[in-house]
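Below is one structure, written out as structure tokens, with a few remarks after it.
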Amino acid sequence: QQQQQQQQQPTIFLYTMEQIQDDDADRSLQFRQDLSHFLGLSQILAPLGKENVNRFVSGPHRHAEIIDICEPQFANVRQQLLRDSAVTVDWIQQNVLSNNNKNPWIQASSPSFLHDVLDNWKRDPCSFTGG
């Protein structure tokens, strides 16, 4: 029975950067509580802050590998990324977040918020206005 309980423990904690950067205080606390519990920590993690902003995206020190995906020359790449992300989102929502296919080895905090965040992956970032 103990072995069966160990098998039921999640081994993957699924999250997105939007959850780390969430401005909703209650949801942010829930995320940190869930992640802390998943990691086996005795204390709740402090707020994780914002993502590392690259300081050299423009100007004379601009990194050569930085592109603006919204430039017309990258339209085909952007369309392929959108197709691929839609497939990925559908798979995650159907096989991971769906109540019918809930995997005991995967944990997600605030699944409905995560579902909404993933839906945004299907939208073209160059025409998405956030509303």
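As the structure is a computational prediction, the values presented were derived from the model and not from experiment.
The two atoms that bring Cys126 and Arg78 nearest to each other are SG-CD, 3.5 Å, heavy atoms only. Across every non-hydrogen atom of Phe74 and Ile69, the tightest pair is CB-O, 3.7 Å. Here the shortest heavy-atom pairing between Gln19 and Ser109 reads NE2-O, 2.8 Å. Among all heavy-atom pairs drawn from Leu118 and Val89, the shortest one is O-CG2, 3.2 Å. Nearest heavy atoms, Trp121 versus Glu18: NE1-OE2, 4.4 Å. When all heavy atoms of Gln93 and Lys122 are compared, the pair lying nearest together is OE1-NZ, 4.4 Å.
Using a 4.5 Å cut-off between side-chain heavy atoms of Ile, Leu, Val, Met, Phe, Trp and Tyr, with links allowed through other members, Leu35 and Leu29 fall into different hydrophobic clusters. Linking Ile, Leu, Val, Met, Phe, Trp and Tyr residues whenever their side-chain heavy atoms come within less than 4.5 Å leaves Leu82 and Ile67 in two separate clusters.
Taking 4.5 Å as the limit, every side-chain heavy atom of Phe13 sits out of range of all side-chain heavy atoms of Ile106. The shortest distance between side-chain heavy atoms of Asp124 and Gln79 falls below 4.5 Å.
Taking CZ of Arg123 as the reference point, atom OG of Ser85 lies at 11.5 Å (rounded to 0.5 Å). Rounding to the nearest 0.5 Å gives a distance of 13.0 Å between OG1 of Thr88 and CZ of Arg83. Interatomic distance, CG of Leu97 versus CH2 of Trp91, reported as 10.0 Å (0.5 Å rounding). Atom CZ of Phe31 and atom CD1 of Ile44 lie 13.0 Å apart (nearest 0.5 Å).
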Decide yes or no on side chain to side chain contact (heavy atoms under 4.5 Å, CB included) for His115 and Asp119, but give the supporting numbers first. CA-CA 6 Å; His115 189 281; Asp119 275 341; 3.6 Å; yes

Using the rule given for side chain to side chain contact (heavy atoms under 4.5 Å, CB included), can you reason through Ile12 versus Gln107, listing the C-alpha separation, both sets of side-chain angles and the distance that settles it, and then say yes or no? CA-CA 6 Å; Ile12 297 170; Gln107 180 180 348; over 6 Å; no

If you apply the rule side chain to side chain contact (heavy atoms under 4.5 Å, CB included), what do you find for Tyr15 with Leu114, and how did you get there? CA-CA 7 Å; Tyr15 68 93; Leu114 182 57; 5.9 Å; no

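Using a 3.5 Å distance cut-off with no hydrogens or angles, the side chains of Gln80 and Asp84 do pair a donor with an acceptor.
Counting heavy atoms of neighbouring residues, nucleotides and ligands inside a 6.0 Å radius, atom CG of Asn76 does not exceed 12 of them.
Applying the salt bridge (Lys or Arg N to Asp or Glu O under 4.0 Å) test to residues at least two apart or on different chains, the pairs with a partner in residues 24-43 are Asp22-Arg27.
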